[in-house]
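Everything numeric in this text was worked out from a predicted model, so none of it was measured. Each chain gets a letter, A, B and so on, in the order the sequences are listed, and its residues count up from 1.
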Amino acid sequence: MSEELSSTVAQNGLIAAALAAEICPELALAPLAPAEIYRYLGYLLKGSPAPPMAERIAQVVAEAQLCLRPRGAYAVYPVSRRTAHSLKLGDTTISGNIGEYLKDADRVAVFAVTAGEEISLLSESAAKNGDAFSALVMDAVGSWAAEAAADALMLSVRRHLRDEEELTLRYSPGYCGMEISQQRKLFPLMQAEAVGVRLIPSMLMHPLKSISGLVGLAPKEAVSSYHSPCDLCPRTGCSMRR
Amino acid sequence: MEKPIQDLSALRHAVIEGDVPASVTAARTALEEGVQPIDVISQGISPAMAEVGKLFEEGEYFVPELLMAARATKEIFVILRPLLAQAGSKPMAHVVLGTVQGDLHDIGKNLVAAMLEGGGFEVTDLGVDVPPETFIAAVKKRPVQIVGLSALLTTTMPAMKTTIEAFRAAGIREQIKIMVGGAPVTSKYAETIGADGYSETAAASVDLARRLVAAC
Ligand code: B1M
């Protein structure tokens, strides 16, 4: 547990209930495969663009990657109570279908990650200069990086797994039958501000390229039967559907 | 001397390929050779963009290709605009665009701006997290035909309604047409909050804007 966290633990009853917590100021992202960016750009049916376009995209991607500052924070809690539509961590009851989705987990990690503000500033300035194409590609790199940061943070959360346990899928407020208003309950449970992620009144996070959520620590055999979270989403035409 | 129409094929080709420098050169050459600005639009830009739209619908082109083509036509319009004004043509419609208060999403709105500019509209982009007062100030500052509102979350969608109400309270709602869009927005919602139009995609927002201007 980091020093910074220990001080908050003393002040904050909710965090005191955490089994473990960590602040990761520098997450190492997996290498970026061009196909990932093509997916964010919507090359759904075709898979990849024609060579001249692929070249244009690669140039912008290379520039954008220099602006990523991936970091994150998490805290692991025992589940103190659950129903099909709620989950109690410490003294906080989070409502939504996660009670059902995380039914096999006896511990749950709450987390927040970000790709940093820099990538959004870069995209914004390209747009201001009338270069919507570069802005779009930079934005896609930021979206990829936020997801990749969440993947990277999960490697740290994994260290808290016991034998024969596995992480469940990740669930985020605003998705999966959990209202985005649940962000307000999630944020006091972790040290998101320590990595520069803050909640604004509309329940969005700043920086834009950030993700918050919950992930369960559950017996392996229960986890292997989980489906894609997209099965729960009605946006069937979405290019990000998995 | 009027230039025969087929000579604009180089321009059409450059636009379809999203080759910005070649598009600008082709437009300059055509104008120097005596093609009328209005013909550059009707025989060059319009059929080229129609082809780009068709390739998009057929799944041959994607958003990046659309944006490159829109960028090419935008640059041609920069050359054409003063010539059209000289010739006494009506100025292109002016659209004020922004992501509503409380929302930080940028890219969808940027795509709409780029496509509208490629469609010949003049666009003022107010950015993200735009309060109603800023939209109103922009409309009071200069003639505006359309105000476009973007929102990406169910929690920020209500700010579209607040913004429309603020226009009403300021007594200028009837001066403008309001179009809305963004992932959670539907045409039903647009109707409920009293917007004049909704478009699902940036590409479709150009047609919508044209229809709204025609109804002005
Ligand atoms: C004026 O006239 C017009 C006309 C047309 C207009 C218009 C105006 N404005 C837009 N349009 C239209 O034209 C554009 C081009 O055709 C389109 O614009 P869009 O902006 O819609 O499209 C963009 C060009 C590309 N689309 C996008 O960039 C958004 C795509 C989806 C998949 C998405 C992504 C990629 C991301 N996300 Co998130 N994300 C989703 C999205 C689901 C979806 N399929 O839309 C959405 C928006 N996200 C959601 C959520 C919940 C969240 N996301 C989050 C995070 C992320 C990523 C970082 C992983 C990533 C990037 C975020 C970003 N946008 O920068 C979180 C919030 C981030 C924050 N800062 O607070 C988080 C809150 C999750 C969490 N707890 O961490 C959902 C919102 C649900 C709600 N209740 O409102 C969501 C709809 C997904 C879902 N299936 O439920 C049209 O809408």
**Asked** At a heavy-atom separation under 4.5 Å, does Q101(B) approach chain A through its side chain, its backbone, both, or neither?
**Response** neither

**Request:** Flag the one option from P158(B), P64(B), A159(B), A114(B) with the top tally of heavy-atom pairs under 4.5 Å to chain A.
**Result:** P64(B)

**Item:** Side chain / backbone / both / neither for M205(A) at chain B, heavy atoms under 4.5 Å
**Value:** backbone

**Asked** Among T156(B), D103(B), V100(B), which one satisfies side chain to side chain contact (heavy atoms under 4.5 Å, CB included) with S202(A)?
**Response** T156(B)

**Message:** Counting neighbours of CD on E118(A) that are heavy atoms of other residues, nucleotides or ligands and sit closer than 6.0 Å, is the number greater than 12?
**Reply:** yes

**Request:** Would you give the length of the straight line joining atom CD1 of I107(B) to atom CG of L136(A), rounded to the nearest 0.5 angstrom?
**Result:** 5.0 Å

**Asked** What closest approach, in Å, do D131(A) and R71(B) show between heavy atoms, and which atom pair accounts for it?
**Response** CA-NH1, 3.8 Å

**Message:** For chain B, which candidate among S120(A), A135(A), P201(A), G130(A) shows the most heavy-atom pairs at distances under 4.5 Å?
**Reply:** G130(A)

**Asked** Side chains of T154(B) and E179(A): does their closest heavy-atom pair fall under 4.5 Å?
**Response** no

**Asked** What's the spacing between M68(B) CE and R56(A) CZ if we round to 0.5 Å?
**Response** 4.0 Å

**Prompt:** Is the number of heavy atoms from other residues, nucleotides or ligands under 6.0 Å of E191(B) CD greater than 12?
**Reply:** no

**Request:** Check whether more than 12 heavy atoms from other residues, nucleotides or ligands sit under 6.0 Å from atom NE2 of H13(B), and answer yes or no.
**Result:** no

**Item:** For chain A, the option from L66(B), L153(B), V20(B), V63(B) that forms the most heavy-atom pairs under 4.5 Å
**Value:** L153(B)

**Message:** Using side chain to side chain contact (heavy atoms under 4.5 Å, CB included), reason through L104(B) and I200(A) one step at a time and then give a plain yes or no.
**Reply:** CA-CA 10 Å; L104(B) 306 173; I200(A) 64 174; 4.0 Å; yes

**Item:** Gap between atom CG of D106(B) and atom CE of M138(A) - 0.5 Å precision
**Value:** 12.5 Å

